[in-house]
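Here's the structure we're looking at; comments come further down.
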Amino acid sequence: MSEMNLESYPPVFRQQSESPHVQAQAQAQSSDLDDIAKESIQEYDPIPFIDLQCLNLDELGEACKHWGLFRLVNHGIPLTLLRQLQDHSKKIFSLSFESKEALVISSPMSYFWGTPALTPSGDSLSRGPQNINWVEGFNVPLGQLSQFQAEDPTIDSFRIHRIYSRYRYPQCFVANETWGMEAHTDSSVLSILNQEQVGGFEHFKDDKWFQIEPIPDTLILNLGDMLQAISNDEYKSVKHRVKPNKYGERYSICYFVFPAEGSVIQSSKYKPFTYSDFQAQVQQDIKTIGFKVGLERFRFKQNGLGLQAETTNGEDEDGLSLIFPSITILVK
């Protein structure tokens with residue numbers, strides 16, 4: 001079990017980690033941890049591999065339709081660069097909690113902990129203490145950094161918004177009783193994940209959870225809500241979650257691509273909406289009913305008079321809390 005730098009943890013994580021009762025409970029269960037860990041891991045990592053150097057469009061389409069994520073190999077990013085990014089993340093997260101809060105003052109970056117649910121400005125959406133996620137992170141909106149403002153006109157023409165996020169999932173003695181990140185779908189077009197050595201990332205498919213093991217020099221690309229809407233549900237926004245670890249800390253880096261906030265999403269399955277509309281609705285749902293409803297708020301539904309859009313107030317309509325009880329939001 002790795003040594004814990006408690007000074008760097010947010011106060012609520014620090015208090016729980018220092019609790020004698022929690023530590024004693026963890027020590028009493030330590031002999032069973034290896035067996036439990038082995039039982040929770042799938043016999044094989046089933047997600048498809050996509051080779052960027054010899055791209056097969058049919059295989060890519062099948063992965064997007066049936067899985068919603070895939071493992072990217074031969075992606076062209078030097079392994080040394082990925083290691084440098086991870087090392088830099090560890091150094092930043094090792095700072096004291098107070099230093100990390102001070103780091104983002106007068107900066108476009110935002111620092112969050114306890115939830116991945118954020119406002120457009122990067123502030124954490126308030127949630128009850130029972131819903132705390134065992135995670136902290138930094139969001140970096142790349143378009144607000146001067147070195148990223150002189151872009152290739154071709155890239156700018158796509159009207160996209162990009163965010164670079166770093167996450168740390170602190171070591172957790174009661175990992176079976178909490179989540180590093182609750183089950184959710186990303187609100188992005190797509191997300192590109194670089195995992196470090198500690199696992200915990202899980203993907204939901206065919207009513208089962210699959211653990212996605214870290215493999216060096218590969219990236220995980222998963223599709224988000226916006227791409228599902230744009231593709232008329234042909235491609236799937238994948239539900240996933242992260243488990244904390246009893247043995248040590250987990251680090252990951254993610255690159256998110258979003259539509260520009262004013263871009264209108266057009267689809268035969270959903271009424272027209274902008275990404276700003278989507279963000280606002282998600283935040284309202286989290287505040288009023290406690291979880292993300294997401295695309296279902298904008299989906300056309302069949303009635304006796306033809307197609308009509310779902311209403312978008314915050315009430316629990318059509319049994320949505322029964323259909324989506326565990327989905328939360330990763331708002332960036």
message: So does G68 get a backbone contact from the side chain of H203, meaning a donor-acceptor N/O pair under 3.5 Å?
response: no
Pairwise side-chain contact, I47 with I212, heavy-atom cut-off 4.5 Å (strictly under): yes
query: So, do S89 and I253 sit near enough that their side-chain heavy atoms are less than 4.5 Å apart?
result: yes
- prompt: Stepwise, does the side-chain hydrogen bond (donor to acceptor under 3.5 Å, both in side chains) test hold for Q195 with R250?
  reply: CA-CA 8 Å; Q195 303 187 82; R250 167 186 164 85; 3.0 Å; yes
message: Treating D277 as the side-chain partner and T274 as the backbone partner, does any N or O pair qualify as donor plus acceptor under 3.5 Å?
response: yes
field: K90 and E196 ion-paired at < 4.0 Å
entry: yes
message: Among residues at least two apart in sequence or on other chains, which ones pass side-chain hydrogen bond (donor to acceptor under 3.5 Å, both in side chains) with S107?
response: none
query: To the nearest 0.5 Å, how far apart are CG in L72 and CG in D51?
result: 8.0 Å
query: Parallel, tilted or perpendicular: which describes the rings of H240 and F201, with under 30° parallel and over 60° perpendicular?
result: tilted
query: Regarding K100 and the six-membered ring of F138, is the cationic atom NZ or CZ under 6.0 Å from the ring centre and inside 45° of its axis?
result: no
- request: Please test E182 against R241 for salt bridge (Lys or Arg N to Asp or Glu O under 4.0 Å), starting from the C-alpha separation and ending with a verdict.
  value: CA-CA 5 Å; E182 294 174 313; R241 66 188 185 187; over 6 Å; no
- request: Mind telling me whether Y275 and F258 have parallel, tilted or perpendicular rings, with 30° and 60° as the class edges?
  value: tilted
query: Does any N or O in the side chain of D285 come within less than 3.5 Å of the main-chain N or O of F291, such that one atom is a donor and the other an acceptor?
result: no
message: Return the OG1 to CG distance between T80 and L82, rounded to the nearest 0.5 Å.
response: 8.0 Å
task: Give a yes or no on this: more than 12 heavy atoms of other residues, nucleotides or ligands lie within 6.0 Å of atom CD of E7.
output: no
query: Does the side chain of Y111 pick up a donor-acceptor pair with the side chain of E101 at under 3.5 Å?
result: no
Common cluster, M109/V135, ILVMFWY with side-chain heavy-atom separation under 4.5 Å: yes
- request: Please examine the side chains of V104 and S110, heavy atoms only from C-beta on, and report whether any two atoms are closer than 4.5 Å.
  value: no
message: Rounded at 0.5 Å granularity, tell me how far OG in S231 sits from NZ in K269.
response: 10.0 Å
field: F256 vs N139 side-chain heavy atoms within contact, under 4.5 Å
entry: no
field: K239 charged N/C atom sitting above F204 aromatic ring, 6.0 Å / 45°
entry: yes
task: Check F97 against P11 and note the closest heavy-atom contact, atom names and distance.
output: CE2-CD, 3.4 Å
message: Parallel, tilted or perpendicular: which one describes the rings of Y9 and F13, with boundaries at 30° and 60°?
response: perpendicular
message: One pair to check against side-chain contact (heavy atoms from CB on, under 4.5 Å): C254 and N194. What are the steps and the verdict?
response: CA-CA 6 Å; C254 199; N194 173 227; over 6 Å; no
message: Run Y255 and Y164 through ring-ring contact (aromatic ring centres under 6.0 Å, His included) and show every step you take.
response: CA-CA 5 Å; Y255 177 86; Y164 167 68; 7.8 Å; no
message: Once rounded to the nearest 0.5 Å, what's the spacing between atom OG of S252 and atom CD1 of I220?
response: 11.5 Å
message: When you measure from the side chain of N245 to the backbone of Y247, do you find a donor-acceptor pair of N or O atoms at a distance under 3.5 Å?
response: yes
query: For the side chain of R14 and the backbone of L6, is there at least one donor-acceptor N/O pair under 3.5 Å apart?
result: yes
query: Does any non-hydrogen side-chain atom of L295 lie less than 4.5 Å from one of V293?
result: no
message: Rounded at 0.5 Å granularity, tell me how far CG in D186 sits from CE in M226.
response: 10.5 Å
Side chains of Y270 and D233, donor plus acceptor under 3.5 Å: yes
- prompt: Applying the 4.5 Å side-chain criterion to the ILVMFWY set and letting contacts propagate, would L57 and Y235 be lumped into a single cluster?
  reply: yes
- request: Kindly confirm or rule out a cation-pi arrangement of K236 over W67, judged by NZ or CZ under 6.0 Å from the six-membered ring centre and within 45° of its axis?
  value: no
query: Is any side-chain heavy atom of L95 less than 4.5 Å from a side-chain heavy atom of S8?
result: no
message: Can a donor-acceptor pair be found, under 3.5 Å and without considering hydrogens, that links the side chain of S276 to the backbone of E261?
response: yes
query: Are side-chain N/O atoms of Q211 and E213 paired as donor and acceptor at under 3.5 Å?
result: yes
message: Could you walk me through whether V242 and E202 satisfy the side-chain contact (heavy atoms from CB on, under 4.5 Å) test, starting with their C-alpha distance in whole Å, then the side-chain angles of each, then the deciding distance to 0.1 Å, before giving a yes or no?
response: CA-CA 6 Å; V242 178; E202 297 183 343; over 6 Å; no
task: Please check if the side chain of S267 supplies one atom and the backbone of A229 the other of a donor-acceptor pair under 3.5 Å.
output: yes
- request: Treat each ILVMFWY residue as a node, draw an edge where side-chain heavy atoms are under 4.5 Å apart, and state whether I77 and L55 are in one component.
  value: yes
message: With heavy-atom distances below 4.5 Å as the criterion, would you say the side chains of S237 and L227 are in contact?
response: no
- prompt: Between N232 and S268, is any side-chain donor less than 3.5 angstrom from a side-chain acceptor?
  reply: yes
message: Could you see if L81 belongs to whatever hydrophobic cluster contains L142? Use Ile, Leu, Val, Met, Phe, Trp, Tyr and a side-chain cutoff under 4.5 Å.
response: yes
Distance, nearest 0.5 Å, that separates CD1 of I265 from CG of D225: 10.5 Å
field: Within-4.5 Å side-chain heavy-atom neighbours: M181 and Y169
entry: yes
message: Donor-acceptor pair, distance only, cut-off 3.5 Å: does the side chain of T288 make one with the backbone of Q284?
response: yes
